[in-house]
Amino acid sequence: MSILSAIITLSLIAGLFGLILGYASIKFHVEGDPVVDKIDAILPQTQCGQCSFPGCRPYAEAIASGEAPINQCPPGGEATMLALADLLGVEPIALSEEHADEPVKTVVTIDETTCIGCTLCIQACPVDAILGAAKQMHTIIESECTGCNLCIPPCPVDCIAIVPVKIEPDTWRWPLPEQAHTAPGA
Amino acid sequence: MTEYALILISTIWVNNFVLVKFLGLCPFMGVSRKLETAMGMALATTFVLTLSSVCSYLVNEYILAPLALEYLRTIMFILVIAVVVQFTEMVVHKTSPLLYNVLGIFLPLITTNCAVLGVALLNVQEDHGFLQSAFYGFGAAMGFSLVLILFAGIRERITVADIPEAFQGNAIALITAGIMSLAFMGFVGLVK
């Protein structure tokens, strides 16, 4: 008897919930934009955020409403861009530089064996991050270098190289607000 | 009033669901890589836990207890929580796209979590009334949110630290979680 009432109660409640959910899915149905769905299907669904949108779906919505060009998806590469151009009937455009790679903070270093001590890079440096005197080897104060690369063109012997900065706990910072907004996976 | 304050303090600090009761560990490890996702998850969990703790109290009190079917609690709670969350998700999707964007992905993820069922069952076990259940659920969620957000903040920094190769990735995360749990042991005895 008790088992029977348990079965009946559970079935009744489950059935009732099923009806409620079924009704709700009709009543609260949200019309998805069919174009957005098609664009979303082409995107690689990595949700990496490198397009500056928080995921593939928001980027698809931005493309559909004309707010974003079709060339901002590095994981999809050229194939995705061509498929999008085909779907939307627009001209294919090359992948945008700015979205091709994540900007990495860099500094420069001077190859001290090649440096002839001409002081040209010292004059070019806007933040006085280069130390040295005429006919003496120059060196770069890494903590002062902003990575502007202005010292590279004047160097007559090409002894300045760009090196990426490795992030360590001491140099780690919270991303700036606007960067946080576009950070991958955001 | 003191009673409800005590429930909150107890669930947030002393009997923290993640670090002391070891419930809800999967989202704790899974979505703590980024602070932003951790915050989204924390919001969704707060919502689901409070709601499910109230609903399961009502179901237990007005359906299961009168029919002497208390042994159906576990399956019934799972059913009720899943339906309520699914229903709310649909309503939110329709009425507030903004809220849906914040909570959307996380709602179904947290629905079938052990912390959610754990709160519902503990409410019954400890004989909580309606308001007590609501506060217990809310407090549990606050405690979960607190450690999840703290942990995500720590993990974001740890990823750039110079960790020995053998400890990189999940290993150092688990060690960090263990140390956090030890730290929370310090609250034991604050509230009975």
Side-chain angles (χ1 to χ4, degrees), chain A residues 1-33 36 45 47-49 53-59 61-62 104-105 164-175 177 179-186, chain B residues 31-40 55-56 58-60 62-98 100-102 104-105 152-163 172:
Chain A
M1 190 55 217
S2 132
I3 289 181
L4 201 64
S5 78
I7 294 172
I8 292 173
T9 315
L10 202 57
S11 319
L12 272 181
I13 291 177
L16 184 72
F17 283 158
L19 284 178
I20 292 176
L21 280 190
Y23 176 73
S25 72
I26 299 166
K27 168 92 178 158
F28 296 110
H29 183 67
V30 177
E31 285 295 334
D33 188 341
V36 173
Q45 303 304 323
Q47 320 295 349
C48 63
F53 293 92
C56 291
R57 179 105 202 156
Y59 179 42
E61 282 163 11
V104 182
K105 172 152 170 47
V165 181
K166 195 166 179 292
I167 301 169
E168 280 166 353
D170 289 341
T171 55
W172 187 87
R173 286 161 174 227
W174 289 107
Q179 288 172 346
H181 189 66
T182 61
Chain B
V31 289
S32 54
R33 257 170 243 272
K34 276 237 153 250
L35 196 60
E36 284 189 350
T37 42
M39 284 178 180
C55 290
S56 50
L58 292 176
V59 167
N60 185 59
Y62 295 106
I63 299 178
L64 295 183
L67 294 170
L69 292 175
E70 278 95 345
Y71 57 89
L72 285 182
R73 256 177 219 146
T74 311
I75 188 168
M76 199 60 129
F77 287 174
I78 293 176
L79 183 68
V80 170
I81 293 166
V83 168
V84 170
V85 172
Q86 192 64 46
F87 184 77
T88 330
E89 195 200 346
M90 284 178 190
V91 175
V92 169
H93 195 173
K94 178 83 177 176
T95 52
S96 165
L98 181 71
Y100 183 78
N101 273 343
V102 179
I105 343 162
I154 296 175
R155 263 186 105 170
E156 267 200 48
R157 275 173 190 240
I158 277 187
T159 48
V160 296
D162 187 18
I163 303 163
I172 191 71

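None of these values were measured; they are calculated from a predicted model. Numbers restart at 1 for each chain; the letters A, B, ... are given by sequence-line order, proteins then strands.
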Using heavy-atom distances under 4.5 Å, tell me whether B/I63 contacts chain A through its side chain, its backbone, both, or neither.
side chain
Which heavy atom in A/H29 sits nearest to a heavy atom in B/K94, and how many Å separate them?
O-NZ, 3.3 Å
Within residues 8-15 of chain A, residues adjacent to chain B where the heavy-atom gap is under 4.5 Å
A/T9, A/L10, A/I13, A/A14
Which atom of A/S25 lies closest to which atom of B/M90, heavy atoms considered:
N-SD, 3.7 Å
Where on B/V80 is there a heavy atom nearer than 4.5 Å to chain A: the side chain, the backbone, both, or neither?
both
Taking OH in B/Y71 as the centre, count heavy atoms belonging to other residues, nucleotides or ligands within less than 6.0 Å. Is the count above 12?
yes
Can you tell which of B/V84, B/I75, B/L69 has the highest number of heavy-atom pairs within less than 4.5 Å of chain A?
B/L69
Which atoms of B/I158 come close to chain A, meaning under 4.5 Å heavy atom to heavy atom: side chain ones, backbone ones, both, or neither?
neither
Using a 6.0 Å cut-off, check whether atom CG of A/L21 has over 12 heavy atoms from anything other than its own residue.
yes
